[in-house]
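Below: one structure, written as structure tokens.
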Amino acid sequence: MAKYLLNDAVSIPETAFELSEHLGFSTSKPAMWAWYEMSGAVLSHYVVDQQTRLQGLFNWFYKDLGFCARDNYFSVEAADLSYCVLKRQGNSTTLSILLILLAKQLDLKLEAILLPGNTVLKSQVNDVIKYHDPLTGKELGRHQLHALVRGEMGNAAKLKPSHLKPATLKRLISRMLHELKAGCIVNQKFESAMECCNLLLQWHPDDVHLNRERAFIAQQLGCIKVAMSDLQHFIDLSPHDPVTELVKIQLKELSQHTQVYH
């Protein structure tokens, strides 16, 4: 795969479409043209009242255009913004990205909230803050937000103020890449999963858990020395992590394998 350098000067949807093409999932040009058509059409819903404008956006997006959650929710396709804009199916992150972009066309403020395992939308109209499910557009109360956190982290998990902090563009693109990586692993597209890890490590070089994930992927590709190097890196930098002892066992097992070159 050609080297694709991420930097802080990213933009959506361009960066997301380019990443999809770089990873070999879809070509960026048809998705970009579909986006241009959609971003122009949404302007017909510009009305004076902001709340009416926001509700009109949701009605148009879900009812008229038919955007919805993809049945195979954890697939590469659900996490691919190009696929989402072309097929009108996605996951909570890709649907959120499109709605944020469309809202901007209507001078509306929508932001992504990255809950553990779920992306939700935050709107602010006339100083009133509301949260929305990007899969349906329906409003979410704090009890429902807390339920999403508990569903991912366990019943003892609390809904913290940090959970409701709007995501930066860098964090939003990073989440999309994490979800693409997970879809690749599920579909056994390990070369693409490896490239997702490589791209994420450009932005987050201190995230040793990415090294551990890359070690697993490298092992699936038969690149044992690469896997061993990543596992050793994890052990060196995370001696007190609860999984470090398990990682040491993995490293010992891998040391008994012969490197397979690809």
Requested in this report: Report the relative orientation of the aromatic rings in Trp60 and His45; use parallel for angles under 30°, tilted for 30 to 60°, perpendicular for over 60°.
Outcome: tilted
**Report entry** Spacing of Arg70 atom CZ and Tyr73 atom OH [to the nearest 0.5 Å]
**Finding:** 12.5 Å
Query raised in the report: Restricting to pairs with a member in residues 102-121, which pass salt bridge (charged side-chain N to carboxylate O under 4.0 Å, His left out), not counting sequence neighbours?
Result: none
Query - Pairs meeting criterion salt bridge (charged side-chain N to carboxylate O under 4.0 Å, His left out) with involvement of residues 234-245, two or more places apart - result: Glu245-Lys248
**Report entry** Nearest heavy-atom neighbours spanning Ala193 and Ile185
**Finding:** CB-CG1, 3.9 Å
Report task. Scan side-chain atoms only and decide if Asp80 and Ser20 contain a donor-acceptor pair under the 3.5 Å cut-off. Result -> yes
Query - Sidechain N-carboxylate O distance under 4.0 Å for Glu77, Lys87 - result: no
Query - Remaining members of hydrophobic cluster (4.5 Å side-chain criterion), Leu148 - result: Ile113, Leu115, Val120, Ile129, Tyr131, Leu140, Leu145, Val149, Met153, Leu159, Leu164
Query - Salt-bridge criterion met for Asp230 and Arg214 (N-O under 4.0 Å) - result: yes
Requested in this report: Check Trp35 against Pro13 and note the closest heavy-atom contact, atom names and distance.
Outcome: CD1-CG, 3.7 Å
Requested in this report: Starting at CG of Leu199, measure out to CD of Glu195 and round the result to the nearest 0.5 Å.
Outcome: 4.5 Å
**Report entry** Aromatic plane relationship, Tyr62 with Phe58 - under 30° parallel, 30 to 60° tilted, over 60° perpendicular
**Finding:** tilted
Query raised in the report: Which atoms form the tightest heavy-atom contact between Ala112 and Leu172, and what is the distance?
Result: CB-CD1, 3.9 Å
Query raised in the report: Using the ring of each side chain (for Trp, its six-membered ring), is Phe67 parallel, tilted or perpendicular to Phe61, with breaks at 30° and 60°?
Result: parallel
Report task. Check the side chains of Thr93 and Glu179 for a donor-acceptor pair under 3.5 angstrom, ignoring hydrogens and angles. Result -> yes
